[in-house]
Structure formats: structure tokens, C-alpha cells
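Quick note: numbers below take in every heavy atom, side chains included, and nothing from hydrogens, waters or symmetry partners. The first residue in the sequence is number 1, and the count goes up from there. In this text, all values refer to a predicted model and were calculated from it rather than measured experimentally.
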Amino acid sequence: MHTKKTVKYVCEKYPSGNTYYFKQEIITHDCWDNLDSLSWSAPRPISKATYLKQKKAGYKTEMKFINKLPAKVYQLKK
């Protein structure tokens with residue numbers, strides 16, 4: 001079980017209006033005493049309700065605004 005110091009909840013908002021919620025945990029690749037081996041895990045999707053519940057409970061949360069240009073669409077000739 002992770003504590004409030006080893007987990008974070010991320011909200012990503014896009015200009016299109018889409019919002020995605022993720023959970024990340026601190027993991028180690030060697031041992032917990034080796035600080036160089038610590039990193040954040042891959043983001044795992046969660047629900048908006050979970051994000052809000054954990055934010056209210058005092059867990060670390062991040063709000064990211066992603067401003068990427070739309071993808072270019074190339075027409076492939078057949």
C-alpha cells in the first residue's frame with residue numbers, strides 16, 4: 001500500500017475539452033535505500049471520482065494543461 005508521499009494523482013486537460021485522470025506511484029529498480037533507482041511508475045488510468053476523492057483526502061495532485069497542435073493528416077494515394 002502506498003502512502004500520501006509515494007503516490008500522486010494527475011489530471012490532464014486538453015484544448016478539445018477532454019480530461020484524463022491517472023495515478024502514479026514511486027517505484028524502485030534496485031532497493032529503497034538507493035535514491036537513484038527511484039522513479040515514477042507508468043500512469044494508470046483512474047476515474048474522476050477517484051481523483052476528487054483522493055484530492056479531498058490530501059494526496060498529492062497535479063493539474064496539467066496539454067497544448068499540443070492537432071495532428072496533421074496526410075492523404076495516402078491508393
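With hydrophobic clusters built from ILVMFWY side chains whose heavy atoms lie under 4.5 angstrom apart, Ile66 shares a cluster with Phe22. There is a path of hydrophobic side-chain contacts, each under 4.5 Å, that joins Leu35 to Ile26.
A side-chain hydrogen bond (donor to acceptor under 3.5 Å, both in side chains) check over residues 39-51, counting only residues at least two apart or in different chains, returns the pairs Glu25-Arg44, His29-Ser39, Ser47-Thr50. Identified under the side-chain hydrogen bond (donor to acceptor under 3.5 Å, both in side chains) test for residues 62-76, with sequence neighbours left out: Lys8-Glu62.
The two atoms that bring Thr28 and Asp30 nearest to each other are OG1-N, 3.2 Å, heavy atoms only. Smallest separation of non-hydrogen atoms from Lys60 and Val7: CB-O, 4.0 Å. Closest non-hydrogen pair, Ser37 versus Cys31, comes out as OG-O, 3.2 Å.
Stacking of Lys4 on the aromatic ring of Tyr59 is recorded, both the 6.0 Å distance cut-off and the 45° axial limit being met.
When each of Thr19, Ile46, Leu52 is tested with Cys11 by the rule side-chain contact (heavy atoms from CB on, under 4.5 Å), just one qualifies, namely Thr19.
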- Message: ring-ring contact (aromatic ring centres under 6.0 Å, His included) for Tyr20 and Tyr14? Distances and angles first, verdict last.
- Response: CA-CA 9 Å; Tyr20 300 97; Tyr14 290 84; 5.7 Å; yes

